[in-house]
Amino acid sequence: MSIDRFILRKLNTCQEEHTRANLVRLFVIRIRKAEIAEESDPSYVLEKMQ
């Protein structure tokens, strides 16, 4: 199971507010890192343009 799916699954079942907030922060960090990786990958940019 990917870490992203794990985080989403935990968010669905987690009841503690503090833990949920930390999971959301972690997920946002992972999304931002993925966006940065996409922006720095020239082959991805070429695919989007075509």
* Structure fact -> Residues pairing under salt bridge (Lys or Arg N to Asp or Glu O under 4.0 Å) where one sits in residues 10-19, two or more places apart or in two chains, turn out to be none
* **Of all pairs that satisfy salt bridge (Lys or Arg N to Asp or Glu O under 4.0 Å), the ones with a partner from residues 20-30, not counting sequence neighbours** => Asp4-Arg30
* Asked: In Å and rounded to the nearest 0.5 Å, what is the CG to CG distance from Leu11 to Asn22?
  -> 10.5 Å
* To the nearest 0.5 Å, how far apart are CG in Asn12 and CD1 in Ile7? -> 12.5 Å
* Following the transitive rule for hydrophobic clusters with a side-chain heavy-atom cut-off under 4.5 Å over Ile, Leu, Val, Met, Phe, Trp and Tyr, establish whether Leu8 and Ile29 coincide in one cluster. => no
* To do: Determine, using the 4.5 Å side-chain heavy-atom cutoff (strictly less than), whether Leu26 and Ile36 are members of one ILVMFWY cluster.
  => no
